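Protein chains get the first letters and strands the later ones, always in sequence-line order, with residue 1 at the start of each. Please read all numbers here as calculations on a predicted model, not as lab measurements.
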Amino acid sequence: MADPFVETESILAIDLGLCNTRAFLFDLVDGNYRLIAFAVSPSTTIAPLNDPRIGVFEVIAQLEKNAGRQLLSSNKTLISPSGGGNGIDCLINVYSAGPAFRTVLVGLVKDDSLKSIRNLADTAYTEVVDCLSMGDQRKPDEWIDTIIKIHPDTILIAGGTDNGASISMRRLADYVGLACYLIPAAERPSILFTGNQALADGIKESFGSLASSVRVSSNIRPFGNVEDLQPAAKDLSEMITQVNRNRSPGFEELYAWSGGYTLPSCYAHGRMVRFMSKAFELNKAIMAVDLGASAATISFGFNGQLIQGVYPQFGLGNALIHLLDITPLESVTRWLTVDISPDYVQNYLNQKGQYPSSIPVTREDMVLEQAVARQVLSLAVEQLRKKIPSEIPRLFEFTLPYCEPILVSGSVLLNAPAFGQTLLILLDSLQPVGTTTFILDPNHLLPILGAVADVNPSVPVQVLESGVFEGLAFVVTPVSNARQGTPLLSGSLITNDGNTLTFEIDQGTFEVLPLPIGKSARLLLEPRFHVDVGFGYGKKGEVEVSGTHLGVVFDARGRPLLLSGNDNTRREMMNKWIWSLES
Amino acid sequence: MYAPLSHIHPSTLIQRKRVLPVPGRILVGQGQVVSPMEVVAETEFSSEHVLLDVAALLHISSEEADSLINCHVGDRLSVNQVIAPARGFFSFPVLSPVNGHVILVGEGQVLLEAGDSKFELLANYQGKITQIFQDKGVEITAEGSIIQGLWGNGKFGFGSLQSNFVKGNSDNILNIDKLNTNYRGSIVFANHCSDKKALKKAADLPVRGLILGSISSDLLSQAIDLDLPIMVTEGFGHHRMSSLVYKLLQDNINKDVILIGNNFDPYTGVRPEVFIPLPSSGKKPLAMDFGFLSVGSQVRIILNPGLSGVGTVSRFLEDRFEFPSGLKLPAAEIRLENGKMEIVPLVNLEVIN
């Protein structure tokens, strides 16, 4: 493979997911990078094939057909550099397939370094199986036995300010070292230390043979209340990639093909959101939601600051088997629009968890799958919301900050039979406020662009400008504590072709004004004095709106969204909302 | 198209790795024929350790403590054996709180491993040792009938196969009234279980294992806790055992069967399975590890509707098919065993081999 920084005209990008492997071909068209072709094929990363290359060869073969371009030679090596209309100049990979990494967190102080190291763990495909800190009631030998029993893939250690006190931190590291010593050499975890830098050399030396790998990253809490996750998040993503390379020869070969340009999808997802939040200089945050089989990933960017949550426990694959251990059955069934017995729900979750690639065939199963999506997304958003700094503007503490736009990917969201169903899942679970545009990423391109930026920063910018995403809806959420039926908002939608639509929105309603893709309009909003649509209570505003699949949607159902406790009333109401969007 | 694969085969050759949790000793040789209950490897390990901070206990420096500690790595200690003597009038000697042996000594501390836990690795299969992994385990190659399941409770059992089916009863659930002492010591199969009392009675008799077509999800935690192996072949809820599985089990009634109730791990491909040893013919090819979906493939439906239905792929639909869920998906027409044709999404099929 040629040096990716030289002559990277054509780029092949592979996304190794748990269920699907996707391939993307980017190339220059009239001097600008464009997505030339796309293909998708079932993944072969996990059993029984256990070799991602098989799925990759299959997806590249499809891509060759779609692009009319030969990419693989007869001996199944990539043709590179490109020439004569064939081959590519560079390959990049992102991946999300595989089980979450069993991770133990070790922090000096529970509400300080341990909290930060948890935030770090939330940026990667980790399953936090235990947390140890000085305040822990367990004795050191119990810690040691716990770590041996858990048999973690990774241990993340943080604590102490740079060049601050180190005795306690050293003691904690000693206990971890003892536990690692007692684990068979071939099965020892990888260690990431991201605490007091004065201990860095000692940590590297003492863990040298006691861990499968040791990395030292900059302190995530270098001083006081400052938390800086980014360098450690990068190191964590590299460490996880290294573990995958060690585990799978097929993955190692793909890594080599890419010349090292292989990133976890979630990391690349976050990077792209951070980039956009910086580049677009908005007063609002950018949010991207990916609800996949491996994990629910939410990346939240504000002026270049990234807050990320990667939640394998909320993925729609194998994690479903344990979903009811972390959320009550009623929290899922409350979202059902038809009567499905609790037993059926439990059985479905178990069955689907065993076969994550299976797809609902009946209407009832689809309703159930969407109910599950609402609940896991609600849980994921709730966890993320707690991590968002209070200085980022928001209407209430219990809501997300103002977002523009919200990017959406994940099979359950993209493949819903109707756009209205997708939007309702998102509105019910994210419960945005003010005005926001929901944008679909139909090919799961966002992490790919985040990874491609490493190779050529022009590619994501130019590809984004080419319109690879689809507008789902522009949503206005007037917030007020008025009674049902109280007028909240009036205004008009003036389309660029001169048509004007006026509207009145009452509390508790759900209204849609069509504005098809390709059209644009000015939206004038005049809220009553007790209502906020993002400009302040009672303040008027005007926004430019582009056409989307659903147009302009007014969600005046209230925040937080309250559902009736009566099953029939609730289902009737939810079905009414669906009809509003589908009619 | 590659597809998930379940082995349901009357006569095939399989290879299974049996690996110790920590390095140990291999007790069998290459080419040796082993039986399911035979120990193929053993090791010692304890899940309990004791860390004694002698320096802290004696209020002295770690260097001073090191000079007082009178045990060494590898020493076996009995409870209350002196590890370091008292220092002065106002301290007590440091004693071993457990029977165990010394793992580490240094920096004023002693790490002990408590107890002597011997771990024996059973063959689980009747077959021949075809590979030895030094200090770690063995590979066993075995010939026989195999039925792979969807869910297992992590236990292992061995016994004579008995049916809990009653002729003329289409339901054939594992019923408390049907379980009697005739089943004691047997591995019993039935269509379904949704009765906690029936599970308990099976464990109390005791039977040596249960093979169920389906199980209600609310019984799973009980099933995990029971001290008998359980394997579910089709899934969760109330589904009949697929006819293929039923027939193969029915054909082997009264034979000795091995029930390995592994937890299904979709990442590694480890599945629960029933294995019925057959005399080695020496001619069988190894069972394939993966399935390929093509016209004529024998398949099983893995999600409702029609879950556990078995048939063959009659044709692939050229265009995506719209299902009642509203989704348009690549699909195949399946000829079910009763002759009925069913259109099923490709992703909801599992190849049977």
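From B:Asn348, atom CG reaches atom CD1 of B:Ile334 across 10.5 Å, with rounding to the nearest 0.5 Å. A:Ile167 CD1 to A:Leu199 CG: the interatomic distance, rounded to the nearest 0.5 Å, is 10.5 Å.
For B:Leu52, no part lies near chain A; criterion is any non-hydrogen pair under 4.5 Å. Residue B:Leu349: no heavy atom, backbone or side chain, is found under 4.5 Å from chain A. For B:Ile302, the parts lying near chain A are the backbone and the side chain together; criterion is any non-hydrogen pair under 4.5 Å. Residue contact with chain A, scored on non-hydrogen atoms closer than 4.5 Å, involves the backbone and the side chain of B:Leu150 alike. Only the side chain of B:Glu350 comes within contact range of chain A, with heavy atoms under 4.5 Å apart. Looking at B:Pro345, the atoms closer than 4.5 Å to chain A (heavy atoms on both sides) all sit in the side chain, from C-beta outward. Residue B:Glu113: no heavy atom, backbone or side chain, is found under 4.5 Å from chain A. B:Leu329 touches chain A through its side chain: at least one heavy atom from C-beta onward sits under 4.5 Å away, while N, CA, C and O do not.
Using cut-offs of 30° and 60° on the angle between ring planes, the pair B:Phe323 and B:Phe321 is perpendicular.
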Legend entry - Stepwise salt bridge (charged side-chain N to carboxylate O under 4.0 Å, His left out) check, A:Arg102 with A:Glu187: CA-CA 13 Å; A:Arg102 291 167 61 75; A:Glu187 295 160 25; over 6 Å; no
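Under the 6.0 Å cut-off for aromatic ring centres, A:Tyr175 and A:Trp143 qualify, their centroids lying closer than that. Annotation: A:Phe251 is in aromatic contact with A:Tyr95 [ring centroid separation under 6.0 Å].
Heavy-atom pairs under 4.5 Å with chain B peak, among A:Asp174, A:Ile148, A:Leu324, A:Ile359, at A:Ile359. Ranked by heavy-atom pairs under 4.5 Å with chain B, the first of A:Cys19, A:Ser357, A:Pro99 is A:Pro99.
You'll find the side chain of A:Leu336 reaches within 4.5 Å of the side chain of A:Val345, heavy atoms only.
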